[in-house]
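First comes the structure, then the notes that go with it.
Letters A, B, ... are given to chains in the order of the sequence lines, protein chains preceding strands, and every chain is numbered from 1.
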Amino acid sequence: MRDFYGVRLDSRLMLGTAQYPSPAILAEAFRASGAGVATVSLRREQGAGQDFWALIRELGVRVLPNTAGCYTVKEAVTTAHMAREVFETPWIKLEVIGHADTLQPDPFGLVEAARILADDGFAVFPYTTEDLVLADRLIEAGCRVLMPWGAPIGSGLGLNNRYGLRALRAHFPEVPLVVDAGLGLPSQAAEAMELGYDAVLLNTAVAKAGDPVAMARAFALAVEAGRLAWAADPMEPRDMAAPSTPVIGKAWLT
Amino acid sequence: MKITLNGEPREVTSANLTKTLEELGFGAAKVATAVNGAFVPVAARETAQLAEGDRLEVLAPMQGG
């Protein structure tokens, strides 16, 4: 398994911590998912932060702080520094948002911020698009993991550009790749894993399901199924039928 | 002295950031601080002096995707 900045993860599912109906359901969903990584954020302390942090620590998972909502390089870099201190980890899910409606990354700001943070010793997990040239620039900037989107954050649309994601996998065989954002259903997570991705990161699909705990389990199974399928070397699809039952030996009954 | 804490106007008496945080009730809390948009690490709080009109951000762990 490709490692994430020297860390081998038992689970290929990374799960967000936002939008659950309650802290108890969040914790139960995490246990059901078997996820080894939890994404978290930093926000103005209004009284709830300390209890939330205690809850996350009890989960016993690795924490991946994000720079969600940052639109500029300066904001993202400052947030990353603050996150490194609070969460005591060099891991950072780097988001530099370029557009409010699609929440798609600003590729130019992303590369600039990634370079600053990588030079400063951060383990940068960039939230990016499936663009190959951008991927190249991010690696050049010091990223050792790439996290292309499946679809816009929170949309649940799945893998919008299957071809692009496949091309990215083919071009960077050594780089750990995570489909981050846009997944709505376990089948879409399985599909990402079937493409050879190393992990998937999702939040809304579990948190906003009618039964988040059951959905967390469903994603865990899908991720495992997709990974097994990829490792099992799937058949090539073909346009014409090919009988699976032997033709030889068929009785003459006409 | 008037400062802005997380976007809200506040009156504080201590100029030192460590003391200001205690005064504002963040004494033992796990928080990160920024003054006027620049990160102030824990180690620098003792020497960081606040001035009238400064913008203090006090951030804590929160839910995220």
So which bits of residues 93-130 of chain A come within less than 4.5 Å of chain B, counting non-hydrogen atoms only? A/K93, A/E95
Distance col, row B/L24:CG vs B/L56:CG, nearest 0.5 angstrom, shows 7.0 Å
Most heavy-atom pairs under 4.5 angstrom with chain A, which of B/V58, B/V31, B/N6, B/V40? B/N6
Distance alone, cut at 3.5 Å: any donor-acceptor contact between the side chains of B/Q63 and A/T17? no
Tell me whether A/E85 is salt-bridged to B/R45, with the criterion being a basic N under 4.0 Å from an acidic carboxylate O. yes
Please report the shortest heavy-atom distance between A/L55 and A/A27, naming the atom on each side. CD1-CB, 4.2 Å
Return the option, out of A/A48, A/A18, A/G16, A/A83, with the maximum number of heavy-atom pairs under 4.5 Å with chain B. A/A18
OG1 of A/T204 to CD1 of A/I153: how many Å apart, nearest 0.5 Å? 8.5 Å
Please determine, among A/H81, A/E75, A/R84, the option with the most heavy-atom pairs under 4.5 Å with chain B. A/H81
Could you walk me through whether A/F4 and A/W91 satisfy the ring-ring contact (aromatic ring centres under 6.0 Å, His included) test, starting with their C-alpha distance in whole Å, then the side-chain angles of each, then the deciding distance to 0.1 Å, before giving a yes or no? CA-CA 10 Å; A/F4 297 86; A/W91 283 22; 7.0 Å; no
Between B/P61, B/A34, B/A32, which residue shows the highest count of heavy-atom pairs closer than 4.5 Å to chain A? B/P61
Run the salt-bridge test on B/E57 and A/R44 with the 4.0 Å N-O cut-off and return the result as yes or no. yes
For A/Y20, is it the side chain, the backbone, both, or neither that has a heavy atom closer than 4.5 Å to a heavy atom of chain B? neither
Return the CE to CZ distance between A/M193 and A/R12, rounded to the nearest 0.5 Å. 5.0 Å
